[in-house]
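Beneath this line is the structure, given in structure tokens, with notes to follow.
Since this is a predicted model, take the numbers as computed values, not measurements. Computed over heavy atoms, backbone and side chain alike; hydrogens, waters and symmetry mates excluded.
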Amino acid sequence: MTSAAVSAGLALLPAAVAHAEGVASVSLHVSVAGSDRAAGTSARPFRTIERAQKTARALARTKHVAVRVVVHGGTYHLQRTLGFDARDSGSAHAPVTYTAAPGERVVLSGGRALTPRWHDHTEKIKVADIGKGLDFDELFLDGKRQILARYPDYDPDQAILGGTAADAISPARIATWRNPTTGLVRALHNGMWGGNSYRITGVREDGSAQLAWVGDNNRGSGMHTTYRMVENIFEELDAPGE
């Protein structure tokens, strides 16, 4: 955005309000029903937090006013990581703050909203095409997290990983999977002080799984011999709700 564009955008904002200390303040509003072409006022709010952030940075830099970004209730699906740095702090006398509107629930979601069309694959399995390029391991349906196809089947009464099995990635079990490389292995560390996750990248000649540790702890990748499970394998799609 050019400086001329910034100046034009700021001209649409509400007049600054003077504090008792002599520091002016401006409130910017964001709403899921807003527009990033709007002025950012309570009557004409922005649509995204990123748009409010860009304006807040410009105000803090060029006008030296205190900026309050008010985010109204709703779910905001972020298209990319929302990052904050020194530019978002303002100064001690003219700070920049972000807050949810009083009494309103704000959700910042890194998820992607899907509107799939489901059809029967078998009598008990439904399938939908959601397009290409999505790599995820969590799916929410009507706000409820779904269970990836897994072995052993999920058991809410099992405190460790919802159920574990020593043979989760045994050669005998792997031999029943058409495409093992979709699989994700979850396990306790062999010292039982934390968890480890792996991707199955292939199958060795002896039928065992080749695993790539995803680096989800800071002390190595040892896998417990008993407390382990596997998920995201089509052939393990055998329980209601998976």
Side-chain angles (χ1 to χ4, degrees), residues 75 77-81 109-242:
T75 298
H77 291 281
L78 305 178
Q79 298 302 308
R80 60 190 61 83
T81 302
S109 172
R112 180 77 59 85
L114 303 174
T115 55
R117 294 185 177 182
W118 297 92
H119 60 270
D120 291 336
H121 178 69
T122 66
E123 182 180 351
K124 296 183 178 181
I125 297 176
K126 288 186 177 293
V127 66
D129 184 353
I130 60 171
K132 299 179 179 180
L134 296 179
D135 182 13
F136 60 93
D137 61 2
E138 285 188 312
L139 178 68
F140 292 79
L141 181 62
D142 296 331
K144 181 179 180 181
R145 183 182 178 186
Q146 303 301 292
I147 300 169
L148 277 171
R150 53 168 285 166
Y151 175 78
D153 290 338
Y154 177 71
D155 182 351
D157 295 326
Q158 296 297 315
I160 300 176
L161 297 169
T164 58
D167 67 339
I169 52 172
S170 66
R173 192 152 205 99
I174 292 173
T176 67
W177 303 337
R178 182 176 180 180
N179 185 8
T181 60
T182 65
L184 304 170
V185 181
R186 319 289 191 184
L188 287 191
H189 186 270
N190 52 19
M192 293 184 65
W193 51 256
N196 280 305
S197 296
Y198 307 80
R199 290 183 178 274
I200 300 177
T201 60
V203 179
R204 299 185 180 92
E205 290 185 2
D206 63 0
S208 63
Q210 292 179 330
L211 302 176
W213 178 49
V214 304
D216 52 350
N217 66 61
N218 65 355
R219 291 191 182 180
S221 56
M223 185 192 302
H224 198 280
T225 57
T226 301
Y227 295 127
R228 54 176 67 178
M229 54 84 79
V230 65
E231 58 187 2
N232 207 41
I233 296 291
F234 182 80
E235 286 78 11
E236 303 299 348
L237 185 61
D238 58 0
E242 285 188 338

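From I130, atom CD1 reaches atom OG1 of T115 across 10.5 Å, with rounding to the nearest 0.5 Å. Put simply, OG1 on T181 and CG on N232 are 10.0 Å apart, with the number rounded to the nearest 0.5 Å. For the atom pair L161 CG and L188 CG, the distance stands at 5.5 Å (nearest 0.5 Å). The structure places NZ of K124 at 11.0 Å from CG of L237, a figure rounded to the nearest 0.5 Å. The CD atom of E242 sits 6.5 Å away from the CD1 atom of I147 when rounded to the nearest 0.5 Å.
For residues 157-189, the ring pair (Phe, Tyr, Trp, His ring centres under 6.0 Å) pairs, not counting sequence neighbours, are H189-W193. Listed by first and then second residue, the salt bridge (charged side-chain N to carboxylate O under 4.0 Å, His left out) pairs involving residues 136-152 are D137-R186, E138-R145 (not counting sequence neighbours). For residues 163-176, the set of pairs meeting the salt bridge (charged side-chain N to carboxylate O under 4.0 Å, His left out) definition, not counting sequence neighbours, comprises R173-E236. Applying the ring pair (Phe, Tyr, Trp, His ring centres under 6.0 Å) rule to pairs touching residues 124-157 yields nothing, sequence neighbours excluded. Counting only residues at least two apart or in different chains, ring pair (Phe, Tyr, Trp, His ring centres under 6.0 Å) contacts with residues 220-242 comprise H121-F234, H224-Y227.
Within the 4.5 Å cutoff, the side chain of L134 has heavy atoms near those of the L114 side chain. Using a 4.5 Å heavy-atom threshold, the side chains of N190 and T225 count as separate. The shortest distance between side-chain heavy atoms of I169 and L211 falls below 4.5 Å.
R204 meets the side-chain contact (heavy atoms from CB on, under 4.5 Å) test with D206, S208, Q210; sequence neighbours excluded.
Across all their heavy atoms, A168 and V230 have their closest contact at O-CG1, 3.5 Å. Heavy atoms only, all atoms of each residue included: A128 and P116 are closest at CB-CB, 3.6 Å. Heavy atoms only, all atoms of each residue included: I233 and G183 are closest at CD1-CA, 3.5 Å. Minimum heavy-atom separation, W213 to Y198: CA-CD2, 3.6 Å. Contact record, T176 with E235: O-CG, 3.4 Å, taken as the closest heavy-atom pair.
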For R199 and L184, what are the C-alpha separation, side-chain angles and deciding distance, and is it a side-chain contact (heavy atoms from CB on, under 4.5 Å)?
CA-CA 5 Å; R199 290 183 178 274; L184 304 170; 3.8 Å; yes

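Under the side-chain contact (heavy atoms from CB on, under 4.5 Å) test applied with V185, the options N196, I200, V214 reduce to a single match, I200.
For the pair D216 (side chain) and S197 (backbone), a donor-acceptor distance under 3.5 Å is present. Under a 3.5 Å cut-off, the side chain of D129 and the backbone N or O of G131 do form a donor-acceptor pair.
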